[in-house]
Amino acid sequence: MRIVFLHTKPSHYHRNNLITDILSNVKKTDFQAFDFPHLRQHEKLLTNLFNLRKFIKNNKIDIVHTYDYNDAYLVLKVVKGLNVKVVFSDYEYHDEHKRFKRNIFKKVLRKVDYVICQSEAHKNYLINNFKLSQNKCSKLFHAFCFERLDKYEYKSVRDEFFIDDFRYLIGTIGDFTPEHNIMSIFKMIKKLRRTGRNFTCVVAGGQIEEYDTYYNSCKYYYLIQGLDNYITYIGKRDDDANLLNQLDLFVYSSGKEPIAIPVIEAMTQGVNVVANDCDLIREISFNGKYAVMYEEDNDKDFALKTREVLLNLEDNKLISQVVKEETREIYSIKRHISALGNIYSTIIDDK
């Protein structure tokens, strides 16, 4: 089998890292893997489409694997008339899409040969809301190459942001969007500070233009509640492994999202995790085996569970190391590649 992986937008760095990890770890006994640059570069679209079709022909590609629905839509046009299959890994819920974009997405789901979903909840959503055939989709968790992640360059977050050593270091990762409910974390911090614990919560994430209203609401709450001594906003970063390995505790509040990649990253880096009890978090933490879950939309319970972990930090650090070992097996790139090989084989057999 000869598979070409299509890179996506630079902002989708988790997806592009996954492609890089697949290419670095795949064996010829799994399948032959190639990669191709992002199609939708400025003023180069037609050239890139032509080059992709030429690349497919010259390398006798069997399957094109895409990680963005717009790319999948273009690839379907590129492979027209060729005996080539298209696989699409979806990473969004697409609720915000109206008419044109929604129609494009529906067409992609209908026309591609296989759809890879990020979780059972995500798969069920696509089946129920977009009439996706159950026979052409499956769940496959996002994965990581830990050999790559473990080579991170250490840079002290405490030194960078002048955080005292006597403070517990709590953190969260995620852009200011409703999918990553940072407001819930801010409300928890407000309650946690009343316990007298010395801590700082670092918030790593970017401001997204289309969610400016949400960002401004979070900023207003942060200022009006006087949380500046407990929360440090460190902006969007690309050193997740470096940050996570310095945290005493990772906190997260998942809204409607198909996969909570930062939670998986934290578990596989051996960091204690406190996250909301919802279908997605239950699924990726295996019913709370690998994370402490608080009652959803309950700021008091969120603060209580966070405080309990901090009060028993030494014991919880031992537990988190066991979690690290077990989750690295579940979310390993080798396991991911093996599952991809099975999917590709099924698609090829259906030719």
Side-chain heavy atoms under 4.5 angstrom apart, residues restricted to Ile, Leu, Val, Met, Phe, Trp, Tyr: same cluster for Ile170 and Ile163? no
Which residues pass the ring-ring contact (aromatic ring centres under 6.0 Å, His included) test with Phe36, not counting sequence neighbours? Phe55
Basic-acidic side-chain contact under 4.0 Å: Arg40, Asp68: yes
Phe31: partners by ring-ring contact (aromatic ring centres under 6.0 Å, His included), with sequence neighbours left out: Tyr344
Considering residues at least two apart in sequence or located in another chain, which fulfil the side-chain hydrogen bond (donor to acceptor under 3.5 Å, both in side chains) criterion with Ser254? Glu257
Salt-bridged, Asp21 to Arg148, with N to O below 4.0 Å? yes
Minimal non-hydrogen separation, Leu23 against Ala33, with atom names: CD2-CB, 3.7 Å
Evaluate the criterion side-chain hydrogen bond (donor to acceptor under 3.5 Å, both in side chains) for residue pair Thr66 and Tyr73; output intermediate values, then yes/no. CA-CA 10 Å; Thr66 67; Tyr73 179 74; over 6 Å; no
Looking only at heavy atoms, which two atoms of Ser320 and Gly270 are closest? And how far apart? OG-O, 3.1 Å
So, using side-chain hydrogen bond (donor to acceptor under 3.5 Å, both in side chains) as the criterion, who are the partners of Tyr233 when residues are at least two apart? none
Which residues share a salt bridge (Lys or Arg N to Asp or Glu O under 4.0 Å) with Asp175, sequence neighbours left out: Lys236
The complete set of side chain to side chain donor-acceptor pair (under 3.5 Å) pairs with one or both residues in residues 263-282, sequence neighbours excluded, reads Asn245-Gln269, Asn276-Glu296, Asp277-Arg282, Asp279-Arg282
Here the pair of heavy atoms bringing His94 nearest to Arg102 is O-NH1, 3.9 Å
With sequence neighbours excluded, residues passing side-chain contact (heavy atoms from CB on, under 4.5 Å) with Lys305: Val274, Val292, Tyr294, Asp301, Glu308
Smallest heavy-atom separation, Leu6 atom then Pro37 atom, equals CD1-O, 3.5 Å
Taking side chain as C-beta onward, heavy atoms only, is Asp113 less than 4.5 Å from Ile63? no
Using links of under 4.5 Å between side-chain heavy atoms of ILVMFWY residues, direct or through other members, which residues join Ile224 in one cluster? Tyr220
Which pair of heavy atoms, one from Phe250 and one from Pro262, lies closest together, and at what distance? CZ-CB, 3.7 Å
Is a donor from one side chain sitting under 3.5 angstrom from an acceptor on the other, for His142 and Ser89? no
By salt bridge (Lys or Arg N to Asp or Glu O under 4.0 Å), which residues pair with Arg110, not counting sequence neighbours? none
Sequence neighbours excluded, which residues qualify as side-chain hydrogen bond (donor to acceptor under 3.5 Å, both in side chains) partners of Tyr214? Asn181
Are the side chains of Arg53 and Leu82 in touch, meaning some heavy atoms are under 4.5 Å apart? yes
For Asp315, the salt bridge (Lys or Arg N to Asp or Glu O under 4.0 Å) test, sequence neighbours excluded, returns none
When rounded to the nearest 0.5 angstrom, what distance separates NZ in Lys85 from OG1 in Thr346? 12.0 Å
Measure the acute angle between the ring planes of His65 and Tyr67, then classify it against the limits of 30° and 60° as parallel, tilted or perpendicular. parallel
Got a sec, which residues hit side-chain hydrogen bond (donor to acceptor under 3.5 Å, both in side chains) with Lys139, two or more places apart in sequence or on another chain? Glu283
If you measure from the Lys or Arg side-chain nitrogens to the Asp or Glu carboxylate oxygens, is any gap between Asp71 and Arg15 under 4.0 Å? no
Roughly how far apart are Leu18 CG and His12 NE2, rounded to 0.5 Å? 13.5 Å
Which atom pair, heavy atoms only, marks the closest approach of Leu249 to Val273? CD1-N, 4.2 Å
